[in-house]
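A short worksheet on the structure shown next.
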Amino acid sequence: MGMNYLCQLPDPEQIKHKYPASDKVKAIKAQRDEEIAKVFRGESDKFILVIGPCSADKEEPVIDYISRLVPVQEKVKDKIIIIPRIYTNKPRTTGEGYKGMIHQPDPTKREDMLEGLIKVRQLHLHAIEQTGFTCADEMLYPENDRYLSDLLSYVAVGARSVEDQQHRLTASGLDIPVGMKNPTGGDLSVMLNSIRAAMASHTFIYRGYETKTDGNPLTHAILRGAVNKHGQTIPNYHYEDLKLLYDLYCKAGLPNMAVIVDTNHANSGKKYLEQIRIAGEILHSRRHDEDIKHFVKGLMIESYIEDGCQSTDDEIYGKSITDPCLGWEKTEKLIYSIAEQL
């Protein structure tokens, strides 16, 4: 056979029991979840910033980065809710390269999924305990959601996963906001269908159980740009794109209309410095149109301690080993600039 079972991993409840969330952590999450949910329900006009490294590589620089966000959040708390990115599993277009901390808890060593599950849970726990931030992660593997379900405040479904049935149905069982990215080809109807599916109740097989979900009313869109058949990037953050999606949303009759705009990926052509300009244009579009203002709930920004990116061999502290990111100084300046423009 071409598939070899290496070892049976502990189920989520075993990992949660061994590395539990304290009462303090539970209280922080409950408060944060409600504050964030109010934005997506249209009950709060605060602006969401899902911001942080393209991939979480090691705990020390990630916690360092998130700790730097704490005083910034305090200064902008009347206008902005910061949700740090701790992305611990990474989709790879060709299947090659670093797949995230869940695969390699140390990017310079071999894969170890058991150690990865533990390190990922510990990282999210430590972030809450040390900074008071509940964070965002990507749902790359739907069956892994339960390992972190008591810690996360935001989940994104990536461009390569958004059309997948298991991702959609798993999202329908979450009680936190789930952002559905447009697929890499850019078809907005695929994203809207995914949102509709995740908002509905379903019965399906999950982790060996027949499972029933209630539906997730906090599911929403993430615009991340697209790539055409010639490999050219097609941004979808411009005013006309936001207006088009707003009209399509209205036509679909979906509740809690909301979009987060990803300023990197195909919107920037992975030119990470463009994120500053793109953020400014989106904020201008919000000021120009009242419907867009209420529709665009926030931005997704890739940033870390150092500008750019590196190979896993370089080991420069706080520099992305996947997509290039904005460095800390530019990030701090950008957050204050966004707050001033709201």
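Hydrogens, waters and symmetry mates are skipped; everything else that's a heavy atom, side chains included, is used.
Of the listed residues (Ile335, Leu49, Ile51), just one forms a side chain to side chain contact (heavy atoms under 4.5 Å, CB included) with Ser303, and that residue is Ile51.
Using a 4.0 Å cut-off between a side-chain N of Lys or Arg and a carboxylate O of Asp or Glu, Glu302 and Arg85 qualify as a salt bridge. Salt-bridge check for Arg68 with Asp64: passed, with a basic side-chain N closer than 4.0 Å to an acidic carboxylate O.
In Lys319, the NZ atom is crowded: over 12 heavy atoms of neighbouring residues, nucleotides or ligands sit closer than 6.0 Å. Crowding of Glu329 atom CD: a count of heavy atoms from other residues, nucleotides or ligands under 6.0 Å not exceeding 12. The neighbour count for Asn228 CG, taken as heavy atoms of other residues, nucleotides or ligands under 6.0 Å away, is above 12. No more than 12 heavy atoms of other residues, nucleotides or ligands lie within 6.0 Å of CD in Gln31, so this atom counts as exposed by the packing criterion. The number of heavy-atom neighbours closer than 6.0 Å to CD of Glu115, taken from other residues, nucleotides and ligands shown, is above 12.
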Could you pull out every donor-acceptor pair under 3.5 Å between side chains of residues 172-186 and any protein atom, sequence neighbours left out?
| from | atom 1 | to | atom 2 | distance (Å) |
| --- | --- | --- | --- | --- |
| Ser172 | OG | Leu169 | O | 2.5 |
| Ser172 | OG | Thr213 | OG1 | 2.7 |
| Lys181 | NZ | Asp262 | OD2 | 2.9 |
| Asn182 | OD1 | Arg224 | N | 2.8 |
| Asn182 | OD1 | Asn236 | ND2 | 3.1 |
| Asn182 | ND2 | Gly225 | O | 2.9 |

Considering only distance and modelled atom types, tabulate donor-acceptor pairs under 3.5 Å from the side chains of residues 74-81, sequence neighbours left out.
| from | atom 1 | to | atom 2 | distance (Å) |
| --- | --- | --- | --- | --- |
| Glu74 | OE2 | Lys77 | NZ | 2.7 |
| Lys79 | NZ | Ala339 | O | 2.9 |

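Taking the six-membered ring for Trp, Tyr246 and His294 have ring centres at least 6.0 Å apart.
Listed by first and then second residue, the salt bridge (Lys or Arg N to Asp or Glu O under 4.0 Å) pairs involving residues 145-158 are Arg121-Asp150 (not counting sequence neighbours). Pairs of residues two or more places apart, or lying in two chains, that qualify as salt bridge (Lys or Arg N to Asp or Glu O under 4.0 Å) and include a residue from residues 263-275 are Lys270-Asp323, Glu274-Arg277. Screening residues 27-43 for salt bridge (Lys or Arg N to Asp or Glu O under 4.0 Å) gives Lys29-Asp33, Glu34-Arg41, Glu35-Lys46, Arg41-Glu43 as the qualifying pairs, with residues at least two apart or on separate chains. The stretch residues 8-20 participates, sequence neighbours left out, in these side-chain hydrogen bond (donor to acceptor under 3.5 Å, both in side chains) pairs: Lys16-Ser149.
Closest approach of Met300 to Ile260, counting heavy atoms only: N-CG2, 3.8 Å.
Checked against side chain to side chain donor-acceptor pair (under 3.5 Å), Glu315 has the following partners two or more places apart in sequence or in another chain: Lys58. Take Tyr65 and apply the ring pair (Phe, Tyr, Trp, His ring centres under 6.0 Å) test, not counting sequence neighbours, and it matches Trp328. His284 pairs by the ring pair (Phe, Tyr, Trp, His ring centres under 6.0 Å) definition with nothing, not counting sequence neighbours. Every residue meeting the side-chain contact (heavy atoms from CB on, under 4.5 Å) condition with Thr131, not counting sequence neighbours, appears here in chain and number order: Ile66, Ser67, Val70, Phe133. In this view, His103 and Tyr141 satisfy the ring pair (Phe, Tyr, Trp, His ring centres under 6.0 Å) rule, not counting sequence neighbours.
Between the side chains of Asp57 and Ser55, not a single donor N or O lies within less than 3.5 Å of an accepting N or O. Between the side chains of Glu281 and Ser285, no donor-acceptor pair is found at a separation under 3.5 Å.
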Could you walk me through whether Phe40 and Thr219 satisfy the side-chain contact (heavy atoms from CB on, under 4.5 Å) test, starting with their C-alpha distance in whole Å, then the side-chain angles of each, then the deciding distance to 0.1 Å, before giving a yes or no? CA-CA 9 Å; Phe40 288 99; Thr219 312; over 6 Å; no
So Leu283 and Phe47, side-chain contact (heavy atoms from CB on, under 4.5 Å) or not? Walk me through it. CA-CA 10 Å; Leu283 293 168; Phe47 196 67; 4.0 Å; yes
For Phe204 and Thr170: C-alpha separation, side-chain torsions, deciding distance, then whether side-chain contact (heavy atoms from CB on, under 4.5 Å) applies. CA-CA 9 Å; Phe204 64 108; Thr170 302; 4.1 Å; yes
So Val120 and Tyr147, side-chain contact (heavy atoms from CB on, under 4.5 Å) or not? Walk me through it. CA-CA 9 Å; Val120 162; Tyr147 289 101; over 6 Å; no
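Cluster note: Tyr209 groups with no other residue, as no ILVMFWY side-chain heavy atom lies under 4.5 Å from it.
Remark: side-chain polar atoms of Asn267 are not paired, donor with acceptor, to backbone N or O of Thr263 under 3.5 angstrom. In terms of modelled atom types and a separation under 3.5 Å, the side chain of His167 and the main chain of Met139 share a donor-acceptor contact.
Linking ILVMFWY residues whenever their side-chain heavy atoms come closer than 4.5 Å, directly or via other members, places Ile292 and Leu342 in the same cluster.
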